[in-house]
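No hydrogens, no waters, no symmetry mates; every other heavy atom, side chains included, goes into these values. In this chain, numbering begins with 1 at the start of the sequence shown.
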Amino acid sequence: MTMPPACYTCSQEAGFDDLPPRECVAHDRHWRVAHGLDTALPGWLVLLPRRHVVAVHDLTDAEASSLGMWQVRLSRALRSVTGCAKTYVVQFAEAEGFAHVHFHVVPRMADLPPEHRGPGVSSCSDDRSTSG
């Protein structure tokens with residue numbers, strides 16, 4: 001696999017066989033699931049294509065056809081494990097070193113304060129006291 005410069009996801013994928021469990025919660029030939037970095041919310045997952053892709057429109061038909069199933073299955077698993085009221089699925093892929101397409105699948109607990117709901121969920125990371 002040719003790794004694009006400064007792509008965190010591709011650098012992790014290059015060492016797939018030695019990934020720690022938090023970097024490979026589940027996978028198939030197109031997608032890998034990791035636990036989110038720097039978040040105080042347990043269960044924050046990240047769904048990543050296993051090849052370098054920087055825009056959703058560049059997904060192959062095979063990747064695209066399984067994307068929705070992964071998002072639903074992860075949402076169901078989070079509901080089962082965490083008891084969350086719903087999940088948020090978010091994709092931006094704009095941060096330096098993280099332009100690789102990835103989808104955050106975030107459990108939204110029923111008691112999450114209103115200021116942390118919706119787009120405010122990302123500020124939960126700012127409130128954390130330890131690395132996640």
**OP:** Taking the side chain as every heavy atom from C-beta outward, state whether Arg76 and Thr87 have any pair of such atoms under 4.5 Å apart.
**Re:** no
Subject >> Of all pairs that satisfy salt bridge (Lys or Arg N to Asp or Glu O under 4.0 Å), the ones with a partner from residues 98-119, not counting sequence neighbours >> reply: none
When the side chains of residues 90-98 are checked against the rest of the protein, which donor-acceptor pairs come out under 3.5 Å, sequence neighbours left out?
none

**OP:** Can you sort out the partners of His102 under ring-ring contact (aromatic ring centres under 6.0 Å, His included), two or more places apart, ordered by chain and number?
**Re:** His104
Original post:
Would you say the side-chain atoms of Thr39 pair up with the backbone N or O of Gly36, donor to acceptor, closer than 3.5 Å?
Top reply: no
**OP:** Write down the atom of Pro107, the atom of Pro42, and the distance for their closest heavy-atom approach.
**Re:** CG-O, 3.4 Å
Original post:
Does any N or O in the side chain of Ser80 come within less than 3.5 Å of the main-chain N or O of Ala77, such that one atom is a donor and the other an acceptor?
Top reply: no
Original post:
CD/Glu23 to CG/Asp18 distance, rounded to the nearest 0.5 angstrom?
Top reply: 12.5 Å
Original post:
How is the hydrophobic cluster of Leu78 composed, in terms of its other members, when Ile, Leu, Val, Met, Phe, Trp and Tyr link through side-chain heavy atoms under 4.5 Å apart, directly or indirectly?
Top reply: Val25, Trp31, Val33, Leu45, Leu47, Val53, Val56, Leu59, Leu67, Trp70, Leu74, Val89, Val101, Phe103, Val105
Original post:
Is there side-chain contact between Arg79 and Lys86, with heavy atoms separated by less than 4.5 Å?
Top reply: no
Subject >> Minimal non-hydrogen separation, Arg50 against Arg32, with atom names >> reply: CG-N, 3.8 Å
Original post:
For His35 and Leu41, which heavy atoms make the closest approach, and how far apart are they?
Top reply: CE1-O, 4.2 Å
**OP:** Please round to the nearest 0.5 Å and tell me the distance separating atom CZ of Arg73 and atom OG of Ser66.
**Re:** 9.5 Å
**OP:** Mind checking the OG-NE2 spacing from Ser65 to His30? Nearest 0.5 Å is all I need.
**Re:** 7.0 Å
Original post:
Does Leu112 belong to the same Ile/Leu/Val/Met/Phe/Trp/Tyr cluster as Trp44, with side-chain heavy atoms less than 4.5 Å apart forming each link?
Top reply: yes
Original post:
Pro49 and His100: which non-hydrogen atoms are nearest, and at how many Å?
Top reply: O-NE2, 2.9 Å
**OP:** Not counting sequence neighbours, which residues clear side chain to side chain donor-acceptor pair (under 3.5 Å) with Thr60? List them please.
**Re:** Glu63
**OP:** Starting from Met109, walk the hydrophobic network (Ile, Leu, Val, Met, Phe, Trp, Tyr; side-chain heavy atoms closer than 4.5 Å) and list everyone else you reach, by chain and number.
**Re:** none
